[in-house]
Chemist: 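Take a look at this one; I'll ask things after.
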Amino acid sequence: MPELPEVEALAEFLREHAVGAVVGRVDVAALSVLKTFDPPITALQGRDVTGAARFGKHLALDCSGLWLVTHLSRGGWLRWTDNPSAAPPKPGKGPLALRVHFFTPEGATPAFDLTEAGTKKRLAVWLVHDPREVEGIARLGPDALAVTEPEFAALLSTTSARIKNALVDQSLLAGVGNAYSDEILHTAKISPFATSRTLPEDQVHVLYDAMRSVLTDAVDRSLGQDAARLKGEKRSGMRVHARTGLPCPVCGDTVREVSFAEKSFQYCATCQTGGKVLADRRMSRLLK
């Protein structure tokens, strides 16, 4: 799933490539992607693109007061093309969900596609007058790169959730997902199963610094990248996430995994849990 660094990079990409253009035709290839109907998606046509923004993990395009907001979910992505097909896409064919055409001041006619891989279609698009009309944006907690350390400590004190769950709770803290929470906890050398409320003050400080450094570094690496390269850039920067079975780059121990129904997380036992291997509930059930 695209998280804060990738969505921020996509927003910056749209600021550079789409702002100043005029929206042309909007092709809807999957009706299920639209979560609003008033105003209609056709209301975008002919509007100037005046800005692009990120709200947590939501990406938004400001079209003269109408906001096209999307949440890319687990399998979604934005693909930019300078030479889009002139023919409207056939609904229900392939990963394409939505295509937005543009006319630039230079006379070019680029477009971006919102696509979604896999069979579970969760990519969502809203057309609203105010981004806060989107429920997921209205309930966001403070942004992970804007929150101060005292605010961060106060947020953690309000929940007894495991720290892994607290970091990815968008109503508590906006922008961090499964991948970067793994990286943040590994950098801070904190167990994913630590309890948020009882985390010692010195560990809260270390965790805050780790969150800032991991996210800032990822944003710095992502900004300026072509949209098509961002996924690879994200993977290349990971030290434990999605690296099950590989050696930890810090200590050399094997990176381990805990799996749930549809999710998993990775960690290093030597760096984070004092050598203790956390129970993998999926494997435990299989062994019974």
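Each residue takes its place number in the sequence, starting with 1.
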Chemist: If you look only at pairs with a residue in residues 32-50, which of them pass as a salt bridge (charged side-chain N to carboxylate O under 4.0 Å, His left out), with sequence neighbours excluded?
Modeler: none

Chemist: Should the pair Phe265 and Tyr267 be assigned to parallel (<30°), tilted (30 to 60°) or perpendicular (>60°) ring geometry?
Modeler: tilted

Chemist: Assess, by modelled atom type and distance only, whether the side chains of His241 and Gln266 contain a donor and an acceptor separated by less than 3.5 Å.
Modeler: yes

Chemist: Is it true that Arg99 and Asp113 make a salt bridge, defined as a side-chain N closer than 4.0 Å to a carboxylate O?
Modeler: yes

Chemist: With sequence neighbours excluded, tell me which residues meet salt bridge (Lys or Arg N to Asp or Glu O under 4.0 Å) with Arg212.
Modeler: none

Chemist: Output the distance between atom CG (Leu66) and atom CG (Asp130), rounded to the nearest 0.5 Å.
Modeler: 11.5 Å

Chemist: Taking Asn178's backbone N and O only, do any of them form a donor-acceptor pair with Ser181's side chain (distance below 3.5 Å, no angle check)?
Modeler: yes

Chemist: Would you say NZ of Lys121 has more than 12 non-hydrogen atoms from neighbouring residues, nucleotides or ligands within 6.0 angstrom?
Modeler: yes

Chemist: Please test Arg239 against Thr187 for side chain to side chain donor-acceptor pair (under 3.5 Å), starting from the C-alpha separation and ending with a verdict.
Modeler: CA-CA 9 Å; Arg239 301 197 299 180; Thr187 300; 3.0 Å; yes

Chemist: When His101 is tested against each of Asp27, Thr81, Thr109 for side-chain hydrogen bond (donor to acceptor under 3.5 Å, both in side chains), which residue passes?
Modeler: Asp27

Chemist: Is it the case that the ring center of Trp80 lies less than 6.0 angstrom away from the ring center of His17?
Modeler: yes

Chemist: What is the distance from atom CG of Leu10 to atom CG of Leu59, rounded to the nearest 0.5 Å?
Modeler: 6.0 Å

Chemist: Hey, does the side chain of Gln45 reach the backbone of Val23 with a donor-acceptor pair shorter than 3.5 angstrom?
Modeler: no

Chemist: Is Gln272 close to Pro192 at the side-chain level, that is, under 4.5 Å between some pair of heavy atoms?
Modeler: yes

Chemist: I'd like to know whether Glu151 forms a side chain to side chain donor-acceptor pair (under 3.5 Å) with Tyr208, so could you lay out the CA-CA distance, the side-chain angles of the two residues, the decisive distance to 0.1 Å, and finally the verdict.
Modeler: CA-CA 10 Å; Glu151 289 170 339; Tyr208 178 78; over 6 Å; no

Chemist: Whether Glu8 and Arg221 form a salt bridge (side-chain N of Lys/Arg under 4.0 Å from carboxylate O of Asp/Glu) is what I want to check.
Modeler: no

Chemist: Tell me if a side-chain donor or acceptor on Glu16 pairs with a main-chain N or O of Phe13 at a distance below 3.5 Å.
Modeler: no

Chemist: What I want to check is whether the side chains of Arg79 and Thr115 have a donor and an acceptor closer together than 3.5 Å.
Modeler: yes

Chemist: Going by the rule ring pair (Phe, Tyr, Trp, His ring centres under 6.0 Å), which residues pair with His186 if we only count those two or more places apart in sequence or in a different chain?
Modeler: none

Chemist: Angle class for the His71/His58 ring planes (parallel below 30°, perpendicular above 60°, tilted otherwise)?
Modeler: perpendicular

